[in-house]
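So that the names make sense, note that chain A is the first sequence line, chain B the second, and so on, each numbered from 1.
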Amino acid sequence: MSATATGRRALPFLVLALVAAGLAALSAAIGDTRLDIVAATGDVLAGRQTLAALILVELRLPRALLGLLTGFSLGLAGAAMQGLLRNPLAEPGIMGVSGAAALGAVVVFYSGLAGAFALALPLGGMAGALAASVILHALAGRGAGVLTLVLAGVAVNSLAGALTALALNLSPNPYAALEIVFWLMGSLADHSLADVALVLAPMLAGWLLLLASAPALDALSLGEDVAQSLGFDLARVRVRLIAGTALAVGSAVAVTGMVGFVGLVAPHLVRPLARREPGRVLWLAGLAGAILTLAADIGLRLLPTQPELNLGVVTAIVGAPFLLVLIRRSQERD
Amino acid sequence: MRIDARQLSVSLRGTRILDGLTFSLEGGGFVGLVGPNGAGKSTLLRTLAGLAAPDAGTLLIDGEDIAAIERQRLARAIAYLPQNGPAHWGLSVEAVARLGRLPHRGRASSALDAAAVERALEAAAVADLRHRSVDTLSGGERMRALLARALAVEAPVLLADEPVTALDPRHQLLTMALLRRAAREGALVVAVLHDLSLACRFCDRLLLLRAGAIVADGPCGDTLSDANIAAAFGVSVQRGSTEGGDYILPWKPL
């Protein structure tokens with residue numbers, strides 16, 4: 001391949017990566033307290049314990065990094081689910097994977113395991129996400145159509161929601177329940193770098209599993225028979241993608257709560273840039289997911305609402321109409 | 001490359017579709033699979049492609065049990081073109097053809113891949129359509145784009161399920177000639193065909209299937225006798241001949 005062709009392919013990736021990095025920096029610069037980000041960074045690097053350095057490391061940096069990591073996880077997982085199920089409406093939120101992850105985290109929280117060891121919460125999220133993915137793929141394996149799968153997602157989502165509500169209902173402590181309700185609404189605020197470090201390893205492992213499936217997803221655009229005849233073991237591909245989704249989405253949800261629709265919108269936005277090839281959509285959708293998440297998180301801090309809106313609320317308000325448009329479009333195609 | 005089937009039986013969800021087939025196929029031949037709907041032609045093709053597992057008998061690819069061959073190696077040896085296969089996401093024709101190079105990933109250079117894709121696009125007469133999305137193509141153009149994908153594998157075996165059914169007369173003739181040329185160059189080409197005249201004219205050998213069994217095997221003159229056609233398809237035929245060869249027209253249901 002010629003150097004110019006490679007360059008042309010890398011261009012969207014570079015642009016999106018730069019935008020994501022820029023938004024992460026902007027996210028770190030914005031907040032209730034005015035912060036000279038350059039001076040604060042200088043303080044941190046020099047090891048000076050100034051107030052600015054403290055705000056940057058304790059508040060802003062975790063928030064920006066979580067936006068980047070969570071957004072990338074959701075966008076990437078959305079693109080992988082759409083590619084595997086060959087369903088433009090697939091997304092961790094709609095398909096119930098995020099809801100089940102939240103349920104897993106809530107169960108861990110209630111059982112007191114969360115206090116026992118730090119990884120318990122992300123593990124609970126991953127277990128929930130895994131359970132939902134396995135149910136969905138069991139259905140998808142029977143050749144369910146686009147809308148049947150989405151209905152299955154709705155069912156998984158309702159069940160996870162109902163069980164989460166049950167847990168809240170039985171909560172002996174109304175304040176704990178309220179805290180969980182707000183956590184469920186999704187937020188990047190009030191996390192430490194330790195939280196970031198906790199989810200980093202499972203997320204990266206999940207990303208690797210998902211990104212490594214790019215050729216298989218390309219082959220699947222011609223259906224399962226052709227993909228198999230092109231040398232892919234579909235059972236292994238499915239396991240890899242389910243595990244990758246559970247790792248990435250489960251750990252993201254366990255920390256930030258439910259941030260919906262990023263996984264739906266991001267792949268659709270970048271598909272034209274990837275020439276619609278599902279394998280190439282993966283990286284770009286991850287970056288677009290990070291951009292959307294960071295932009296929404298910056299936007300809600302600029303809005304003059306009191307208290308601050310939750311991130312999941314903002315992404316849902318923007319994302320739900322997008323889903324309606326997609327459903328309309330898929331109807332027109334049938 | 002050589003395929004040997006011995007007492008091959010295949011069932012789908014408990015129903016026996018193929019029952020004790022024995023045959024051998026060799027490189028350099030263009031073999032037509034003919035027979036009425038439900039005779040098991042597509043299942044036989046899927047079995048040869050390693051997509052359906054036989055429940056009895058043996059299937060050897062160059063003397064090796066097909067189940068023992070690593071999937072990616074099998075993918076380089078056998079290209080499979082399904083009937084009416086899906087094409088999602090509205091990929092461009094060129095992108096679809098490029099998928100045929102996936103079995104060679106990490107082995108062939110990108111220049112080699114590009115050259116193979118180019119040959120396939122030219123051969124399937126879709127080079128002009130390379131930037132079009134497959135969603136915008138007619139049924140016949142789409143079939144040719146998918147054929148280009150199968151050709152791009154450049155495998156020694158090409159299995160094609162009804163490759164000419166959706167095509168206009170000109171492209172039917174061109175595609176049949178293309179498949180025969182591939183066979184002349186050494187490949188083993190097996191195609192499911194419904195047009196008996198085309199099958200007769202272009203194939204070196206026909207396998208006539210009925211109810212999961214081979215009822216006739218050989219050159220057209222032997223396999224497509226009036227009696228065989230009546231027994232397999234339940235139709236009478238009109239025959240004629242011209243300098244290019246014989247033709248057979250299905251005439252009346254019996």
Side-chain angles (χ1 to χ4, degrees), chain A residues 1-3 5-6 9 79-90 142-143 145-146 149 212-237 267-268 270-282 285 329-330 332-334, chain B residues 42 45-46 48-52 69-92 94-107 109-114 117 131 133-135 142 145-146 149-150 152-153 155 157-161:
Chain A
M1 190 171 306
S2 68
T6 313
R9 275 188 194 189
M81 286 182 87
Q82 290 180 11
L84 176 61
L85 300 172
R86 282 145 288 148
N87 187 331
L89 303 182
R142 299 189 178 175
V146 172
L149 264 183
S213 306
L217 294 178
D218 283 336
L220 272 169
S221 15
L222 297 182
E224 302 201 344
D225 268 2
V226 170
Q228 231 168 309
S229 82
L230 286 170
F232 295 95
D233 181 340
L234 291 187
R236 264 167 63 184
V237 169
H268 283 277
V270 299
R271 197 157 277 131
L273 297 177
R275 291 196 286 175
R276 317 190 59 77
E277 294 170 28
R280 206 179 295 173
V281 167
L282 291 178
R329 232 199 265 166
S330 85
E332 278 165 9
R333 209 166 291 156
D334 298 339
Chain B
S42 295
L45 218 56
R46 291 187 75 241
L48 296 181
L51 298 170
I69 302 175
E70 192 263 327
R71 216 167 250 299
Q72 206 175 334
R73 188 154 69 85
L74 187 67
R76 285 193 297 274
I78 299 179
Y80 168 70
L81 176 66
Q83 173 192 2
N84 278 330
H88 296 278
W89 306 119
L91 296 180
S92 72
E94 191 182 328
V96 166
R98 243 195 342 259
L99 295 177
R101 299 308 292 171
L102 282 171
H104 304 272
R105 66 190 187 285
R107 305 178 133 257
S109 74
S110 53
L112 214 66
D113 286 340
V117 169
H131 297 303
S133 155
V134 280
D135 283 352
R142 187 172 175 282
L146 296 174
R149 195 284 303 162
V153 181
V157 180
L158 172 61
L159 308 173
D161 200 346

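Residue contact with chain B, scored on non-hydrogen atoms closer than 4.5 Å, involves the side chain of A/R280 exclusively. With a threshold of 4.5 angstrom between heavy atoms, B/R101 does not approach chain A through any atom at all. Only the side chain of B/R98 comes within less than 4.5 Å of a heavy atom of chain A; its backbone N, CA, C and O stay farther away. Of the atoms belonging to B/A114, not a single heavy atom falls under 4.5 Å from chain A. Neither the backbone nor the side chain of B/L159 comes within less than 4.5 Å of any heavy atom in chain A. For B/L74, no part lies near chain A; criterion is any non-hydrogen pair under 4.5 Å. If you measure heavy-atom distances from B/R149 to chain A, the contacts under 4.5 Å come from the side chain alone.
When side chains are defined from C-beta on, A/P278 counts as touching B/L91, because their heavy atoms get closer than 4.5 Å. A 4.5 Å side-chain heavy-atom check between B/W89 and A/V281 finds every atom pair outside the cut-off.
Comparing B/D113, B/I78, B/V153, B/L102 by heavy-atom pairs within less than 4.5 Å of chain A, the highest count is held by B/L102. Looking only at heavy-atom pairs under 4.5 Å with chain A, the residue among B/P82, B/G90, B/S109 that has the most is B/G90.
Here A/N87 contributes atom CG and B/H88 contributes atom NE2; the two are 9.5 Å apart, rounded to the nearest 0.5 Å. Put simply, CG on A/D225 and CD on B/Q83 are 11.5 Å apart, with the number rounded to the nearest 0.5 Å. Residue A/L230 holds its CG atom at 9.5 Å from NE2 of B/H104, rounded to the nearest 0.5 Å. Rounding to the nearest 0.5 Å gives a distance of 10.0 Å between CZ of A/R236 and CZ of B/R71. B/S92 OG to A/E277 CD: the interatomic distance, rounded to the nearest 0.5 Å, is 6.5 Å.
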query: Step by step, would you call B/Y80 with A/Q228 a side-chain contact (heavy atoms from CB on, under 4.5 Å)?
result: CA-CA 10 Å; B/Y80 168 70; A/Q228 231 168 309; over 6 Å; no
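No more than 12 heavy-atom neighbours from other residues, nucleotides or ligands sit within 6.0 angstrom of CZ on B/R107.
Heavy atoms only, all atoms of each residue included: B/L99 and A/S221 are closest at CD1-OG, 4.2 Å. Minimum interatomic distance between B/A75 and A/G231 (heavy atoms only, all atoms of both residues): CB-N, 3.4 Å.
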